[in-house]
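These notes are about the structure you will find just below.
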Amino acid sequence: MSTESTPTTESHLRLVWIYPDLLSTYGDRGNLLILARRAALRGLGVECVEVRSDSVLPEQGDIYLLGGGEDGPQAMAAQRLAADGGLHRAVVRGAVVFAVCAGYQLLGESFFAKGVQYAGLNLLDIRSDRGPSRAVGELAGEVNSALGIPTLTGFENHGGRTHLGPQAHPLAKVSVGVGNDGTTEGAWRGRVLGTYSHGPALARNPALADLLLLWATGITPAPIDDTWPERLRRERLTAVTSR
Amino acid sequence: MTGKALPLRTKMATSLSRGAAALSRATGRGDGSVIGGKIGLMIDPDLLANLASGREIALISGTNGKTTTTRLTTAAMGALGQIATNSLGANMPTGHASALAKAGETRYAVLEVDEHYLDQVMTATHPRIVALLNLSRDQLDRAKEVAMMAAGWRMTLAQHPGVHIVANADDPMVAWAASSASSVTWVAAGQRWHDDSWVCPDCGSRIERENDQWWCTGCPLRRPTPQWVAVSGGVIDPAGTYRGIQLQLPGRVNLANAATALAVATFFGVPAITAVPRLAEVASIAGRYATVVREGRTIRLLLAKNPAGWLEAFDMAEPAPTLLSINARDPDGLDTSWLYDVDFSPLRGRRVLITGDRAMDLAVRLEVNDVQFEYVVSFGQALATMPPGWFEVIANYTAFQDIRAELDRVN
Ligand SMILES: [Zn+2]
C-alpha cells in the first residue's frame, strides 16, 4: 500500500469516469455509484464527473475510473488518453486509478485489439495478448496480503491474457476462473489498480472500494453497515467453491 | 404452400415433427414447439423453406417486445383468416418450422424471430414484410454488441431489396439498419433506453437528442419522419387520423407495439378500423401482463429481461407493492452486472420485496440506489407478506417462469 502523503486535503472527493462513451459495458457505472455512496456515508462531499472522449480530461480528480469495452473503442480510448496526457499527470500527482477489463489492459505497456498490437499508457508494468479461449464466468482469489483486504470475488468476461513485469504486483492469486493467466489476477502499483473482475467489481468487494478511498484521502474509512454486500460475498464464494 | 405439393422429404419431416411434438407434450418434457422442429430440421434441412413456400410471411424482430408484437399482429391479421404463428415464443428456425408444420396450410404467417437469426430466417422464408422494434444490450456474455447487431441487420436488409420493412424511427440503431432497405414504413415507437445509442453506428460521432428528434452530429443520419405515431391512448395513422386503442396490455411501449402491428396488418390489406378492436382482445401473452387473483391479492406479472425491459416495466407498473425476482441461470445470462445499468429509483416510496436465486445482487444494487426493500425467500412468502390488493411482480426470464409455475402456468 502506498505510504506517500496524500494530495487531497479538502473534504471533497472528485470521482472521474473516463470516456463512458467508449469504455462502458455492463454495469461499469456501478463502481462510480458505489464509491460515491461509500464516500458520502463517511461524510465526504462527492463530485462525480463523466468525461467523454471528445473532452479534455480534468487533472484534479482524486479517483479515476476506467471501464470495459470492445476492441475498437479500447484502442481509440488508449490513443486519446495518450494524446491527452492528463491521466499521466494526475497519476504523477498521486491520483488513484481503478480500471476493469479493457480499461485494465490499456493501462499497460501494450495490448491487442482486433488482432493488432497497440501501445498502452505505461501506467502499469503489464502486457496483454490474446488467450486460447474467452474467459467467461466467476472469478475468485486471495488478494495480495500487502493490500490487507479479503478474498476477491467477481465475474470475468474477456479474451485477453495479461503478463506482469517486475514493477507490477498481482492483485490476487486465482482460485476460480482465469484472471491474468490462470494463476494471478489483476495488478497494482502505487495507487493504480486494475482487475479482470468486470462491471460493478466493487459491489462484491466493498473492502477494495474502501482501499481506493483510503488511497485517495489518506484517512481509513470508518466502518459502515455492510450486511448486504457481505451476504452477497458469502453467497458467491460459497457458490464457486461448492461446485 | 397453398396449392403447391410439398416434396416427399418435407412431408415426412412434417409428420414426424408433429409426432415428436405430441410426444414431447404427452411426456411432459416441454411445450413441444422446439423439439418437434428440431427433429424435423434434422430430416430435411430445407424444411423451413419448404414450409414457408407459398405463404405470405411477416417477421417480427428486436430485443424487446417481439413476442407481444407478434401476438398483436396475429390478432390484427386474424381478420384475413387463419394465421400461422410461433405463439409460444420459440423464435429460432426450429421453432418456426414447428409452428408452420403445426398450422398446416395457411395463406399468412406471422413469426417472431430472435434478432441473431434474422438473416437465416429471411433467407429461408422470403417474407413479404419485416418489422424491427428496437436494439439494446441483452446478455453480454452471449450476445453480440449492439452496433454489430445493427450492422448485421443492415447488411441483411440490403441483400433482400424486395422486402418491405416496418422500423422504429426513434431507435437510431434500428433506423440506421433499416435505412439500407428499399421501402420502409417508419413507426414512432419511442425509445426509453438511450444508453446503447449515444454514438452513431455509421460514423462514430455523437448522437444528439431534443424532444422527439435525434440526429448524428457528424453525418446525415437522423430520425426519419414517421408514418405511424404512438400517442397517449392510441396511434396516429399515415393519413393523420387518430385511432384510439383500448389495449388491455399496460404501458406506452405496448401502444407502440400496437402501432407496429397495425403497420404490418394494413400492409396486408386489413383496414385499421377492423384491426384496432382485435388488438384490444389481447389480454396476456404466455403469462406476461397476466393478472391472477390469489387470497384477495391481484397479482400482475411483468417480464423484464434486460435493462431496457426493466425501464419499460417500471413505466407499466402501478405504484403498488412490488416483488422483484432475479435469477442468473443459462437462459438469463450468468452475469448480473446489468443491474447497475438499471435505475431503480422509480420504485422509491413503494413497498419493494425481493427474491430469486440472485436476490443478494439485487439487494446490494437497491441499497446503492437508495431503494428500501425486504428480502423474502420465495414467491409464496412474498404472497403471505403482502396485504390484500394490487401486487406487481417484475421478474427476469427464469424467475418469471418459476413464478408462473407456482401460479399453475398462468397464460
Ligand atoms: Zn453519423
Side-chain angles (χ1 to χ4, degrees), chain A residues 20-22 24-38 40-41 52-55 67-73 76 100-101 134-138 154-158 197-206 209 224-236 238-239, chain B residues 136-149 151 194-201 204-208 217-218 306-307 326 328-330 333-345 354 356-375:
Chain A
D21 54 326
L22 295 177
S24 170
T25 51
Y26 270 31
D28 285 335
R29 176 182 296 277
N31 293 323
L32 181 76
L33 298 174
I34 288 160
L35 284 171
R37 171 185 150 80
R38 298 184 76 83
L41 285 172
R52 297 183 55 108
S53 58
D54 56 4
S55 309
E70 299 292 320
D71 285 11
M76 199 184 293
V100 303
C101 258
R134 202 164 172 84
V136 184
E138 292 286 324
F155 192 93
E156 64 182 334
N157 185 350
H158 57 99
S197 175
H198 89 169
L202 300 178
R204 293 193 195 184
N205 299 285
I224 53 175
D225 179 1
D226 273 328
T227 304
W228 294 109
E230 287 304 330
R231 285 185 73 171
L232 170 60
R233 285 179 60 76
R234 256 198 321 278
E235 183 218 274
R236 287 292 88 211
T238 307
Chain B
S136 69
R137 60 186 70 184
D138 199 19
Q139 292 159 30
L140 188 72
D141 58 331
R142 304 192 314 159
K144 286 186 201 173
E145 193 200 0
V146 173
M148 272 174 66
M149 181 82 73
H194 290 163
D195 283 4
D196 290 312
S197 51
W198 290 114
V199 175
C200 175
S205 301
R206 184 198 299 230
I207 286 175
E208 297 275 0
T217 53
N306 47 47
I326 301 284
R329 301 178 198 162
D330 278 330
L334 302 177
D335 182 10
T336 57
S337 301
W338 59 269
L339 286 168
Y340 290 81
D341 292 328
V342 177
D343 178 9
F344 289 86
S345 63
I354 65 169
D357 296 352
R358 301 301 291 271
M360 293 304 119
D361 294 77
L362 184 56
V364 173
R365 172 64 186 118
L366 292 177
E367 190 172 66
V368 172
N369 218 163
D370 283 325
V371 176
Q372 303 278 322
F373 61 88
E374 302 156 56
Y375 169 63

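Naming: A, B, ... by sequence-line order, numbering from 1 per chain.
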| task | Could you tell me whether B:Arg206 and A:Asp54 have a side-chain N and a carboxylate O separated by less than 4.0 Å? | result | yes
| Qualifying residues under ring pair (Phe, Tyr, Trp, His ring centres under 6.0 Å), relative to B:Phe373, sequence neighbours excluded | A:Trp228
| said: If you count every heavy atom of other residues, nucleotides or ligands that lies below 6.0 Å from B:Gln372 atom CD, does the total exceed 12? | reply: no
| query | How far apart are the closest heavy atoms of B:Ser337 and A:Gly199, and which atoms are they? | reply | OG-CA, 4.2 Å
| message | Once rounded to the nearest 0.5 Å, what's the spacing between atom OH of B:Tyr340 and atom CG of A:Leu202? | response | 9.5 Å
| Taking all atoms of both residues into account, what is the closest heavy-atom pair of B:Glu367 and A:Pro229, and its distance? | OE1-CD, 3.8 Å
| What closest approach, in Å, do B:Val199 and A:Asp21 show between heavy atoms, and which atom pair accounts for it? | CG2-O, 4.1 Å
| said: Could you check whether any side-chain N or O of A:Tyr26 sits under 3.5 Å from a backbone N or O of B:Leu339, counting only pairs where one atom can act as donor and the other as acceptor? | reply: no
| task | Give the minimum heavy-atom separation between B:Asp370 and A:Arg37, together with the two atoms involved. | result | OD1-NH1, 4.4 Å
| query | So which part of A:Arg134 gets closer than 4.5 Å to some heavy atom of chain B, the side chain, the backbone, both or neither? | reply | neither
| message | Checking A:Phe155 against B:Thr336 for the side-chain contact (heavy atoms from CB on, under 4.5 Å) test, could you report, in this order, the C-alpha distance in whole Å, the side-chain angles of both residues, the deciding distance, and whether it holds? | response | CA-CA 9 Å; A:Phe155 192 93; B:Thr336 57; over 6 Å; no
| query | Which atoms of B:Asp343 come close to chain A, meaning under 4.5 Å heavy atom to heavy atom: side chain ones, backbone ones, both, or neither? | reply | neither
| query | Can you tell me how far CG of B:Leu334 sits from CD of A:Glu138, rounded to the nearest 0.5 angstrom? | reply | 8.5 Å
| Contacting moiety of A:Arg234, where chain B heavy atoms sit under 4.5 Å | neither
| remark: Of all heavy-atom pairs linking A:His198 and B:Asp335, the shortest is NE2-OD2, 2.6 Å
| message | A side-chain contact here means heavy atoms from C-beta on lying under 4.5 Å apart; do A:Glu235 and B:Arg358 qualify? | response | yes
| Side chain, backbone, both or neither: which part of A:Arg236 has an atom under 4.5 Å from a heavy atom of chain B? | side chain
| task | Return the option, out of B:Val364, B:Asp195, B:Leu366, B:Val342, with the maximum number of heavy-atom pairs under 4.5 Å with chain A. | result | B:Val364
